[in-house]
Amino acid sequence: MLKKKGATVGVAEFMDQAATDMNAQITKIKATGGDTLFLTTAVEQITLVMKQAQEQRLTRRSSRPRQLVAHAAHQAGRRRRRG
């Protein structure tokens, strides 16, 4: 879809749904120098990716990162209450 719209896709990385260490993927993504990152996974994993990307000093430009973190915390709390 992105290519059809004229966007260049630099790299596509995949991770196991249960993965908690995405540093190898982040390192490869960082090396491309790309300016956009699409994540399609569960909120908990997105939160881990964002934390690890920040630890690697991956430049991020997001208009609402706090909103994502708040949402992740809310979802995690809901799951804990469900047991």
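Residue indices begin at 1 and follow the sequence shown. The shown structure was predicted, so the numbers you read here are calculated from the model rather than taken from an experiment.
Take Gln45 and apply the side chain to side chain donor-acceptor pair (under 3.5 Å) test, not counting sequence neighbours, and it matches Thr41. Under the rule for a side chain to side chain donor-acceptor pair (under 3.5 Å), Thr32 has no partner lying at least two apart in sequence or in another chain. Contacts of Asp16 classified as side chain to side chain donor-acceptor pair (under 3.5 Å), with partners at least two apart in sequence or in another chain: none. When the side-chain contact (heavy atoms from CB on, under 4.5 Å) test is applied to Gln17, no partner is found at least two apart in sequence or on another chain. Qualifying side-chain contact (heavy atoms from CB on, under 4.5 Å) partners for Gln25, counting only residues two or more places apart in sequence or in other chains: Glu13, Met15, Met22. Residues satisfying the salt bridge (Lys or Arg N to Asp or Glu O under 4.0 Å) test with Lys28, not counting sequence neighbours, are none.
No option in Thr20, Thr47, Thr27, Asn23 other than Asn23 meets the side-chain contact (heavy atoms from CB on, under 4.5 Å) test with Gln52.
To the nearest 0.5 Å, atom CG of residue Leu48 and atom CG of residue Leu39 are 11.0 Å apart.
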